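Worksheet: one structure, shown below.
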Protein chains: 2
Amino acid sequence: MLTGQRKTLILDILRRDGQVIAKKIADDFGLSEDTIRRDLREMAAERLLKRVHGGALPLAPELPDFSTRRGVAPDVKRQLGAFVAKMVQPGRTVFLDGGTTTAEIARHLPRNFAFTVVTHSPTIAGELEHHPTADVILIGGKLYKHSMVATGAAAMAAISLVRPDIFFLGVTAIHPVHGLSTGDFEEAAIKRHIAQCSAETYVMVTQEKLDAASPCHILPITAVSGMVVPPDITEASLAPYRSAQVPIFTVSD
Amino acid sequence: MLTGQRKTLILDILRRDGQVIAKKIADDFGLSEDTIRRDLREMAAERLLKRVHGGALPLAPELPDFSTRRGVAPDVKRQLGAFVAKMVQPGRTVFLDGGTTTAEIARHLPRNFAFTVVTHSPTIAGELEHHPTADVILIGGKLYKHSMVATGAAAMAAISLVRPDIFFLGVTAIHPVHGLSTGDFEEAAIKRHIAQCSAETYVMVTQEKLDAASPCHILPITAVSGMVVPPDITEASLAPYRSAQVPIFTVSD
DNA sequence: CATATTCGTGCAAATCCATGCATGATGCAT
DNA sequence: ATGCATCATGCATGGATTTGCACGAATATG
């Protein structure tokens with residue numbers, strides 16, 4: 001196994017589990033702990049993770065979690081959510097992906113008419129607890145705790161049974177060459193499947209997605225009907241998608 | 001378990017419960033109290049919390065959140081949850097019903113070994129977001145917002161596919177003559193079905209259930225393996241169940 | 001004031017880590 | 001082809017960290 005490949009896998013595990021245990025990784029990879037420790041030492045020097053006794057942790061695990069818990073959504077995200085929520089029309093069925101951006105959509109959904117929301121995220125379902133008119137369909141499955149969405153065969157099967165009009169898709173990163181991507185293979189498969197079952201798919205874009213690190217698991221951008229972007233985004237970042245003829249909707253008030 | 005990870009979890013619990021009890025944390029994590037005390041000492045030095053005799057408190061307790069939590073989960077319910085959570089053993093599969101009492105179970109589940117939690121409540125699933133070792137299976141379906149559980153044919157079908165070892169059942173009322181009951185017909189059907197799929201079913205009882213108004217939709221008490229009651233409950237209230245030979249477990253420390 | 005927890009310190013055992021060195025594979029120049 | 005340098009890897013050793021236990025002191029509770 002190549003060193004670089006190993007480091008990539010270690011970062012994947014770190015993102016997935018929120019921690020890396022040297023002994024366990026060494027066992028999983030069939031290598032000595034020394035090798036893993038050397039990797040961790042180098043990766044700590046590259047500011048990719050923080051070494052601790054017994055393994056390693058992400059550099060700043062608390063920050064995103066903390067802001068999520070506090071419900072502190074940046075203004076841009078809130079603005080985006082409010083704009084996108086207006087796209088929902090009476091009687092329609094919308095599929096809300098998991099994530100903080102789509103949570104903002106849930107918070108801004110119209111309350112003066114009825115529609116149906118489908119989601120595989122218990123967090124999103126919780127946001128809609130007090131919504132007066134929305135019917136909520138919860139997709140079940142094995143819970144992937146990192147992003148709090150149901151996954152696996154059960155989720156795939158349940159998704160197959162709905163035909164949403166609109167799917168509001170959240171992604172981890174958007175890359176000029178590789179396009180849309182997310183951090184987990186299973187999650188990507190689910191997102192692709194939801195997009196296939198939905199009549200239309202819109203991607204929520206924020207600047208941080210464009211600044212994100214290298215992509216991992218790809219979602220074909222051909223599957224999307226459009227991208228929704230905040231007004232402050234740079235035109236240069238969007239050029240690849242304009243050339244790919246993806247409709248782009250800019251948030252306005 | 002990594003030290004950093006443990007500290008993060010302690011902070012999570014602190015934010016969630018508004019307090020940390022050293023003895024309880026040590027028990028949940030399967031570590032000695034000394035280790036937890038050392039953690040608390042270090043975290044106090046880092047200005048992450050305030051140490052007090054018996055555990056720790058947040059630096060700036062958030063009054064509304066704290067009082068809300070206290071109102072929702074009185075000490076009796078918390079005690080009941082902690083007691084019942086200890087019934088979970090390594091590798092087992094438990095089904096957690098929706099409701100505030102079962103939420104207390106979720107909050108007190110052991111954190112030092114692996115097991116599986118099945119639930120049809122997104123709220124319960126949310127409680128387990130930061131649990132380090134529990135696999136969570138989410139049952140999907142049409143969301144019944146009043147009690148925040150998935151219902152309907154989809155939920156019934158999904159439940160049929162699991163065989164939990166223990167089902168922790170929450171009810172709305174317990175009546176001397178009519179037995180267990182809940183406020184919604186559909187909900188009752190779901191509960192009955194979960195009980196049928198589970199090897200054992202335990203009912204969580206609090207005084208308010210016994211004081212509740214007339215029952216509505218009946219769950220046969222023959223389906224339960226036992227009732228778990230707090231110590232302050234009156235013996236007279238339990239008489240009908242004693243005569244029905246339902247095993248009764250009284251909460252103790 | 002009496003009793004039961006809880007706390008802090010010291011100590012021993014277990015675990016984990018850093019360093020140095022040996023081995024084998026690979027690449028490159030001769 | 002041969003020799004040398006470089007690199008990745010595993011092993012051994014001594015040191016550092018963590019953890020649990022014991023015991024006396026401190027604190028809460030009635």
Side-chain angles (χ1 to χ4, degrees), chain A residues 1-14 17-59 61, chain B residues 1-14 17-59 61 70 74-76 78-79 82-83 86 90 108 110-114 132-133 230-232 251-253:
Chain A
M1 178 185 293
L2 301 177
T3 307
Q5 184 184 4
R6 200 170 54 230
K7 287 184 181 176
T8 304
L9 288 173
I10 290 176
L11 276 184
D12 274 341
I13 291 167
L14 194 59
D17 296 346
Q19 67 171 11
V20 160
I21 295 171
K23 190 187 182 71
K24 203 176 84 62
I25 298 296
D27 204 37
D28 287 351
F29 289 178
L31 294 169
S32 76
E33 294 180 43
D34 303 69
T35 303
I36 303 301
R37 266 197 284 273
R38 263 185 282 255
D39 287 342
L40 295 182
R41 209 178 308 167
E42 290 162 14
M43 291 166 81
E46 296 167 36
R47 310 278 180 205
L48 292 172
L49 46 76
K50 187 179 76 173
R51 288 204 68 188
V52 296
H53 197 88
L57 294 172
L59 276 182
Chain B
M1 178 183 291
L2 302 178
T3 307
Q5 182 88 354
R6 199 171 54 231
K7 287 184 182 175
T8 304
L9 289 171
I10 290 175
L11 277 184
D12 275 339
I13 291 167
L14 193 60
D17 293 349
Q19 65 172 358
V20 159
I21 297 170
K23 189 186 181 71
K24 199 178 83 60
I25 298 295
D27 203 37
D28 285 352
F29 288 179
L31 295 169
S32 76
E33 293 180 43
D34 303 68
T35 302
I36 303 302
R37 266 198 285 274
R38 264 186 282 253
D39 286 343
L40 295 182
R41 210 177 306 167
E42 289 162 16
M43 291 165 81
E46 297 167 35
R47 309 281 178 203
L48 292 172
L49 46 76
K50 190 179 77 175
R51 289 202 68 188
V52 295
H53 198 86
L57 295 173
L59 280 181
R70 297 294 289 191
D75 279 345
V76 170
R78 189 171 299 189
Q79 217 178 331
F83 177 82
K86 283 186 194 146
H108 290 97
R111 303 171 113 81
N112 59 327
F113 55 79
T133 58
D232 66 334
V251 169
S252 60
D253 302 322

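For clarity, every value in this text was computed on a predicted model and none was experimentally measured. Naming convention: chains lettered A, B, ... in sequence-line order (proteins, then strands); numbering from 1 in each chain.
Separating the CZ atom of A:Phe29 from the C1' atom of D:dT9 is a distance of 15 Å, rounded to the nearest angstrom. The separation between A:Arg51 atom CZ and D:dT17 atom P is 13 Å, rounded to whole Å. Protein atom CD1 of A:Ile36 is 11 Å distant from nucleotide atom C1' of D:dT9, rounded to whole Å. One interatomic measurement links the two molecules: CZ of B:Arg37 to C1' of D:dC21, which rounds to 12 Å at whole-angstrom precision. Here the P atom of nucleotide D:dA26 and the NE2 atom of B:His53 are 13 Å apart, to the nearest Å. As a whole-Å value, the separation of B:Glu33 CD from D:dT19 C1' is 14 Å.
A donor-acceptor contact shorter than 3.5 Å is absent between the side chain of B:Thr133 and the backbone of B:Asn112.
The side chain to side chain contact (heavy atoms under 4.5 Å, CB included) with B:Ile25 is formed by just one residue from the set B:Leu14, B:Leu40, B:Ile13; it is B:Ile13.
Looking at every heavy atom in both residues, B:Pro58 comes nearest to B:Gly18 through CD-O, 3.3 Å.
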Got a list of side-chain donor-acceptor pairs under 3.5 Å for residues 42-54 of chain B, not counting sequence neighbours?
residue : atom : partner : partner atom : Å
B:Glu42 : OE1  : B:Lys7  : NZ           : 2.8

Solution key, residues 27-38 of chain B side-chain donor-acceptor pairs under 3.5 Å, sequence neighbours excluded:
residue : atom : partner : partner atom : Å
B:Asp28 : OD2  : B:Lys24 : NZ           : 3.2
B:Ser32 : OG   : B:Asp34 : N            : 3.4
B:Ser32 : OG   : B:Thr35 : N            : 3.3
B:Ser32 : OG   : B:Thr35 : OG1          : 3.3

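Contact footprint of chain B on DNA chain C: nucleotides with an atom under 4.0 Å from a non-hydrogen protein atom, first to last in 5' to 3' order, C:dT6 to C:dT9.
Taking the side chain as every heavy atom from C-beta outward, B:Lys86 and B:His108 never approach each other to under 4.5 Å.
Look at B:Arg6 and you'll find a side-chain N or O under 4.0 angstrom from OP1 or OP2 of D:dT19. An OP1 or OP2 oxygen of D:dT19 is reached within less than 4.0 angstrom by no side-chain nitrogen or oxygen of B:Thr35.
Judged by distance alone with a 3.5 Å cut-off, no donor-acceptor contact links the side chain of A:Asp34 to the base of D:dA8.
Mapping B:Ile21 and B:Arg41 onto DNA chain C via the closest heavy atom, the residue that lands nearer the 5' end is B:Ile21.
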